[in-house]
Number of protein chains: 2
Amino acid sequence: MPTIKDVAREAGVSIATVSYVLNNTGAVSEATRQRVLDAVNKLGYRPSVIAKGLQARESRMFGYSWHPMPPNQFNPILEKFLHSMAEAAARHDYHVLTFPCSDPVCEVDVYRDMVESGRVDGFVLSNTNLNDPRIRYLLEAEFPFVAFGRSNPEWDFPWVDVDGADGVEQAMNHLLELGHRRIACLAWPEESLTGQYRLVGYYRAMERAGLTVEPGWVIRTENYYQDAYQAAQAWLRLPPETRPTAVVALTDLMAIGVMNAASAAGLEVGRDLAVVGFDDAPITGYLRPPLTSLRQPIAEVGELVVTMLIDLVRGEMPSPAQVLLKPRLIVRDSTALSKPT
Amino acid sequence: MPTIKDVAREAGVSIATVSYVLNNTGAVSEATRQRVLDAVNKLGYRPSVIAKGLQARESRMFGYSWHPMPPNQFNPILEKFLHSMAEAAARHDYHVLTFPCSDPVCEVDVYRDMVESGRVDGFVLSNTNLNDPRIRYLLEAEFPFVAFGRSNPEWDFPWVDVDGADGVEQAMNHLLELGHRRIACLAWPEESLTGQYRLVGYYRAMERAGLTVEPGWVIRTENYYQDAYQAAQAWLRLPPETRPTAVVALTDLMAIGVMNAASAAGLEVGRDLAVVGFDDAPITGYLRPPLTSLRQPIAEVGELVVTMLIDLVRGEMPSPAQVLLKPRLIVRDSTALSKPT
DNA sequence: GGTATAATTTTAAACGTTTAAGCTCAAGGC
DNA sequence: GCCTTGAGCTTAAACGTTTAAAATTATACC
């Protein structure tokens, strides 16, 4: 691998001149400039990003970590998110470092390691929650990061999030327009901030429609198929006058559990029971019936998060520092054909 | 951020001594050693990986790139693969850099960039094919890489692959044991090496069972739902004596297309038509009926690929340099209940 | 006590960049 | 002709490590 010294020798100039030419800094005569450029081409020289990094005290890398899904669960956003981040980063000569984080106990230690060893210049966080220890640490360390997701309101940090409340409200309005009045919601445990936001949309829509939420309509479970399946069974056991005709589930996986439970109970999903999911996983369109779901603008989130982070490492607060994007309801047969009674 | 100089000053020694202590190289008295360690702790010092990298002429990063899936297709392996790679890498103080590669035309340029700028010490390739330009370039540049997947037989390079032929053969044997005799295969275009390997398993099993492959039983399509759907329709139009009672599809997505087409035609998948997929995507267990599929040992592949790459960057050829792992057939109701007639 | 040897520590160069500061020289003004 | 100016270029230090080689100190042996 040729170094800047080789280029300098080849062009008959000092290494400083080569550097000035390559960075378009400093005054260099056109003749010298050409000689340097020719030498660069002849030798196929590329500056070492490591050496540049040492000099500039930066790594030009952003760290991103995620919790692996339990078996039999899919991560509907990872691929798109990673790809859009990597693309946006590459446009500014940054790269994305993916690091593992299996054990939540030592999670912060892993982040600290990255920070203190200078591995990365910033982080992208996802799957944030209230009192997120990573955010607490990074804020305290004053280390640049942007989160996909919100956290404690009293913490001031840059984030991008998808408006779950608005999304669920869109789904609810769609169901209400179809004539549904008894609508259930399959939610997440109270600890989940994202789950809380989404649930807000449910309550808001019900209230606006002047409907009361009957006991049992909101069931909170973990994001497991089996839990969703059982929740649906519980709804189907309700007396006809309070039995839901539609369900909004906070994930596609949970929606699938509901669909399968309903089918197994002899109902025709889409006609007898409307179901809405969340995430619009690639699979949703191929389910029977195809599942209405809320699509998050993941590519946009990835792009935004990275451009904001680039602002941040340059020392400027991104503006706006908090961005709330709207999901889009993709209507399919799991709701479109429903006829509530 | 404290540097080695700060530690040296704090401990009252030279920076060389600090380095010797930290790397357990060179002879240092126990007393000095303790003083250095105390200083390290007191200051919270962590060596800069960039500076180390410059000195050692290495980045301790491995590059990995993948082609994003078209919309409505899922990548069943990315998450696990990335995670197992990152874990294995981290155990040896390496990290995984994910970089984007949207445009296949300039794909090699992106790899070359990474190589020449010293961004990475090696690559993990996936989705390899015959005459893969990346492999051609990396071999010529003598740059370390390990592939998940095979390529031209005359190219000698380290790879790990999942034995698709064996996998399909497992599926076929399972179907044959159930009594199926008219078995179709939904394959990939001829250009796909992986597709070819998998198809070999089909022909091998048919031959071993003494069955002739009727015209029309093997259909090659791209990995699209719609193509699979239409292929299934074509099979169902065949006269009863050659109409397949079972289908092996080369991906879960294609299997889903077949299942849905069969259902739409009034058949009960699992009873009237057995279907097998490939990849065992997380969704398979939740389909109706749950889909029998071939599970690739992705975590093992990721781990292996990285440990082999680490051997390689150390200058040793990994041994063995080519590893063929067997997939595992996960039997579910899409075949288990079939009663061929 | 002096010397050879071993143990410990330091010095200094190197890795490949950037960049502040200094040097050289031609041009222009007086 | 001398001084100033500025363009063009070089020198050298710095970034934070590692490590060969030199220097120092301690130990052992006679």
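Since this is a predicted model, take the numbers as computed values, not measurements. Below, chain A is the first sequence line, B the second, and so on; all start at residue 1.
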Practice task
Using a strict 4.0 Å threshold on nitrogen-to-oxygen distance, state whether B:R60 and B:D93 make a salt bridge.
Solution key: no

Problem - N-O pairing of A:R9 and A:D6 below 4.0 Å - result: yes

Looking at every non-hydrogen atom in both residues, tell me the closest pair between [X] and [Y] and how far apart they are.
{"X": "A:G44", "Y": "B:E116", "value": "O-OE1, 4.3 Å"}
{"X": "B:G118", "Y": "B:S59", "value": "O-CB, 3.5 Å"}
{"X": "A:A147", "Y": "A:T128", "value": "CB-CG2, 3.8 Å"}

Give the ring-plane orientation class for [X] versus [Y], where under 30° counts as parallel, over 60° as perpendicular and anything between as tilted.
{"X": "A:F99", "Y": "A:Y111", "value": "perpendicular"}
{"X": "A:Y94", "Y": "A:F62", "value": "parallel"}
{"X": "B:F143", "Y": "B:F123", "value": "tilted"}

Handout entry: Residues from residues 15-23 of chain B lying under 4.0 Å of DNA chain C - heavy atoms
Key = B:A16, B:T17, B:Y20

Exercise for the section: Using heavy atoms and a sub-4.0 Å distance, could you list which residues of residues 35-51 of chain A are near DNA chain C? By number, please. Expected result: A:Y45, A:R46, A:P47, A:S48, A:A51

Exercise for the section: Look at A:T32 and D:dG8 and indicate whether a side-chain polar atom (N or O) is within less than 4.0 Å of OP1 or OP2. Expected result: no

Practice task
Give a yes or no on whether the ring-centroid distance for A:F74 and B:F74 is below 6.0 angstrom.
Solution key: no

Practice task
Would you verify whether the NZ or CZ of B:R150 falls within 45 degrees of the ring axis of B:Y197 while also being under 6.0 Å from that six-membered ring's centre?
Solution key: yes

Problem - Where chain B begins and ends its contact with DNA chain C, read 5' to 3' at 4.0 Å from heavy atoms - result: C:dT8 to C:dG16

Problem - Upstream residue (5' side of DNA chain C) when A:K5 and A:K52 are each assigned their closest nucleotide - result: A:K5

